[in-house]
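See below for the structure under consideration.
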Amino acid sequence: MYFPSLTTILLGLGIAYVGHSVWTMFDLFYPTPCDPNVSSCIKPFLARNPKLELSMFTSPRGKGATSSSMDLVWKFDNFTVGAREQRNFNISLPKKTRNNGTFFVHIFLYPQGESPFGNSRSVYQFSPLTQYSVPEAESFNLLGDNNKTNSGLSPDVPITHWKTKLAVNVMEETLLLDRYSVPGDLYRLIRLSPEGDYLPLLYIDELGQRLKDLKPVSKENRQMTLEVTYSPISVGRLRLYTNLQQSIQHLHTMGFTEKDTDELVGIFADTNFYFLAATVAVSMLHLLFDFLAFKNDISFWRNKDTMEGLSTRAVVWRCVSQIIIFLYLMDEQTSLLVLIPTGIGTLIEIWKVKKAFKVTITWNGRKPSFQLGAVSKKEQETAEFDSKAMQYLSYVLYPLCVAGAIYSLLYTPHKSWYSWVVRNLVNGVYAFGFLFMLPQLFVNYKLKSVAHLPWRAFMYKAFNTFIDDIFAFIITMPTAHRMACFRDDVVFGIYLYQRWLYPVDKTRVNEYGQSFTEDEKKTN
């Protein structure tokens, strides 16, 4: 009886998940309209072509604010749903807000010439214009005199920050909705008029308020600048944003911080929708290749009993570089969505070093002792080639690393000495990491063989490298990391050339320490 492999099962689940996601997105953007002949249909108030006004008020109070506590900032007289408007305002802050308090914006959409307050045809939404956030640590020159900040604030205490951007939207489609099957993501926005029509769906886009747009509020800031943008929004994008906003709030209840979810929000808020769809599709392929590369890499090292033909220094370098990158991401307070996978990868690289040096651990009570395994003659030959390659590379690598560290110390500000050390180490990983891939090329050249490499895992990783190249200059990332994507392409090209240059020899051992001739003898 045939039983599918784990890879086949996970691949099937992945395809099913993609199909379900595509169907869900289609249903968001193309909801089933209500039959006009059914009495339960709710008509849109916008179908009457009413003349509307949009007003924006501010107040130190949010829910429960009264008209007397609000200050009018903007009145959009000639408002139309399809209009696009952008305005900049200088907002005066009360003393309460400047003393680490809060501040809110209140948006009203109502018939022209009428009052927004107490109006049965008025639509209302409010949103905070301030947010409590931990201020970023200030950088300074480590060799200068001004080694301490003068802010007087503890770096771990959240303070009031001002949101410099505000986006307001109204749904432009005039859909007929069935009162008994209104989508849940639209239900909380719907309000009925006295005639029974549903009023325009007003939405304040909180997803567009990124952490990079926040500015700290001090007692001296009597006014802050606010950029207000109005634009219509489609029903699909409105439903997508509403669901995403609820998902973000759910992540916050699970312990994720604003910083953890900020990059996820930026993918949807700062990206063209069609490019976003392409990114999701390519990300699925990236995830698939990541899994296949991970599976085959673990399988390769688990069954590996000899380091013949493999560079131990390259294995150690990958482990050290992964640890440095992990420490760098921790120092930069990177999102947990990035930090957790990097930490898992670091543990795997440490396990590979243990396998490469055949380390055995024995415990004498609570005191561990480490013992290295025996090295064969062919492994010694490989180590000699590896050592010679590293000797040549050290003439270039060490002077460049020292020079870069000195330049950074003299001319670049840092948060601390620890930050300077970690940043220079990670710069060395990014800038010179490809040099540590070269010893393996040199070993291949001296042995005239590539049969010892984990080619299946290597090819999956190469596919991911090509995917990274597509988005290297589109997705926001550090310049050093961007150049590292193309660095891997060069080395991969040389590996492919060596695979073509050195023909297959059935007497050579493969990645599992076996050869074709040995297997043939055993079968006979």
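All values below were derived from every heavy atom in this structure, side-chain atoms included, with hydrogens, water molecules and symmetry-related copies excluded.
- Counting only distance, with no hydrogens or angles, the side chain of Asn169 and the backbone of Ser231 share a donor-acceptor pair below 3.5 Å.
- When side chains are defined from C-beta on, Pro44 does not count as touching Met171, because their heavy atoms never get closer than 4.5 Å.
- Within the model, atoms CG of Asp213 and OG1 of Thr164 stand 4.5 Å from one another, a figure rounded to the nearest 0.5 Å.
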Got a list of side-chain donor-acceptor pairs under 3.5 Å for residues 194-201, not counting sequence neighbours?
unit_1 : atom_1 : unit_2 : atom_2 : d
Glu195 : OE1    : Ser193 : OG     : 3.1
Glu195 : OE2    : Arg121 : NH2    : 2.4
Asp197 : OD2    : Arg48  : NE     : 2.6
Asp197 : OD2    : Arg48  : NH2    : 2.8
Tyr198 : OH     : Leu175 : N      : 3.3
Tyr198 : OH     : Leu175 : O      : 2.6

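- There is no side-chain donor-acceptor pair under 3.5 Å between Gln131 and Ser133.
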Just list the side-chain donor-acceptor pairs under 3.5 Å for residues 103-113, sequence neighbours left out, or say none.
unit_1 : atom_1 : unit_2 : atom_2 : d
His106 : ND1    : Tyr124 : OH     : 2.7
His106 : NE2    : Arg61  : O      : 3.0
Tyr110 : OH     : Glu53  : OE1    : 3.1
Tyr110 : OH     : Ser55  : OG     : 2.6
Gln112 : NE2    : Asp77  : O      : 3.1

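- Here disulfide bond (SG atoms under 2.5 Å apart) pairs that include residues 45-110, with residues two or more places apart or in two chains, number zero.
- Classified by interplanar angle (parallel below 30°, tilted 30° to 60°, perpendicular above 60°), the ring pair Tyr203/Tyr241 is tilted.
- The two atoms that bring Phe45 and Pro50 nearest to each other are CE2-CG, 3.5 Å, heavy atoms only.
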Exercise. Going through the checks in order, is the side chain to side chain contact (heavy atoms under 4.5 Å, CB included) test met by Leu52 and Phe76?
Worked result: CA-CA 9 Å; Leu52 303 173; Phe76 194 173; over 6 Å; no

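- Taking the side-chain hydrogen bond (donor to acceptor under 3.5 Å, both in side chains) definition, one finds that Thr253 meets it with nothing, sequence neighbours left out.
- Listed by chain and residue number, nothing satisfies the side-chain hydrogen bond (donor to acceptor under 3.5 Å, both in side chains) test with Asn99 (two or more places apart in sequence, or in another chain).
- Leu176 places a side-chain heavy atom less than 4.5 Å from the side chain of Pro36.
- The number of heavy-atom neighbours closer than 6.0 Å to OH of Tyr407, taken from other residues, nucleotides and ligands shown, is 12 or below.
- At least one donor-acceptor pair closer than 3.5 Å links the side chain of Ser59 to the backbone N or O of Ser69.
- Considering only heavy atoms from C-beta on, Phe117 comes within 4.5 Å of Met70 through its side chain.
- In this view, Gln249 satisfies the side-chain hydrogen bond (donor to acceptor under 3.5 Å, both in side chains) rule with no residue, not counting sequence neighbours.
- Separation of atoms CG (Leu202) and CD1 (Ile233) is listed at 11.0 Å; rounding is to 0.5 Å.
- None of Asp205, Val168, Ile204 except one satisfies the side chain to side chain contact (heavy atoms under 4.5 Å, CB included) rule with Ser127; the exception is Ile204.
- In terms of heavy atoms, Arg179 sits closest to Cys41 at NH2-O, 4.3 Å.
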Problem set entry | Steps toward side chain to side chain contact (heavy atoms under 4.5 Å, CB included) verdict (Ile190, Ile42) | CA-CA 11 Å; Ile190 287 182; Ile42 310 176; 5.7 Å; no

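- Residues Asn221 and Trp162 form no side-chain contact, since every pair of their non-hydrogen atoms from C-beta on lies 4.5 Å or further apart.
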Exercise. Between Ser92 and Arg222, is a side chain to side chain contact (heavy atoms under 4.5 Å, CB included) present by the stated rule, with each step listed?
Worked result: CA-CA 6 Å; Ser92 298; Arg222 297 186 177 275; over 6 Å; no

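- Scanning both residues, Glu173 and Ser234, for their nearest heavy atoms gives OE1-CA, 3.3 Å.
- Taking Tyr187 as the reference, nothing meets the ring-ring contact (aromatic ring centres under 6.0 Å, His included) condition, with sequence neighbours excluded.
- With 3.5 Å as the limit, one finds a donor-acceptor pair spanning the side chains of Asn243 and Asp185.
- Residue pairs meeting the side-chain hydrogen bond (donor to acceptor under 3.5 Å, both in side chains) criterion with at least one partner in residues 24-45, sequence neighbours excluded, are Ser40-Asp178.
- Atom NZ of Lys215 is separated from atom CE of Met224 by 6.0 Å, given to the nearest 0.5 angstrom.
- Rounding to the nearest 0.5 Å places CZ of Arg98 at 7.0 Å from CG of Leu93.
- For the atom pair CD of Gln125 and CG of Leu189, the computed distance is 6.0 Å after rounding to the nearest 0.5 Å.
- The shortest side-chain heavy-atom distance between Cys319 and Ile350 falls under the 4.5 Å cut-off.
- When atom types are taken as modelled, the side chain of Arg87 and the backbone of Tyr230 share no donor-acceptor pair closer than 3.5 angstrom.
- With sequence neighbours excluded, no residue forms a side-chain hydrogen bond (donor to acceptor under 3.5 Å, both in side chains) with Asp71.
- Sparse packing is recorded around CG of Asn78, with 12 or fewer heavy atoms of other residues, nucleotides or ligands lying under 6.0 Å away.
- By the side-chain contact (heavy atoms from CB on, under 4.5 Å) test, Asn49 pairs with no residue at all, sequence neighbours left out.
- Put simply, the side chain of Gln209 reaches to within 4.5 Å of the side chain of Leu166, judged on heavy atoms.
- Distance alone, capped at 3.5 Å, places no donor-acceptor pair between the Thr130 side chain and the His161 backbone.
- Residues Tyr132 and Thr160 form a side-chain contact, since some pair of their non-hydrogen atoms from C-beta on lies under 4.5 Å apart.
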Exercise. Between Thr97 and Thr102, is a side chain to side chain contact (heavy atoms under 4.5 Å, CB included) present by the stated rule, with each step listed?
Worked result: CA-CA 5 Å; Thr97 303; Thr102 57; over 6 Å; no

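- Legend: residues meeting side-chain contact (heavy atoms from CB on, under 4.5 Å) with Lys354, ordered by chain and number and at least two apart, are Val359.
- In this structure, Lys163 NZ and Leu214 CG are separated by 7.5 Å, a value rounded to the nearest 0.5 Å.
- Contact record, Ala47 with Thr174: N-CG2, 4.4 Å, taken as the closest heavy-atom pair.
- Residues satisfying the side-chain contact (heavy atoms from CB on, under 4.5 Å) criterion with Thr80, sequence neighbours excluded, are Ala83.
- With a 4.5 Å cut-off on side-chain heavy atoms, Val123 and Arg191 do not count as touching.
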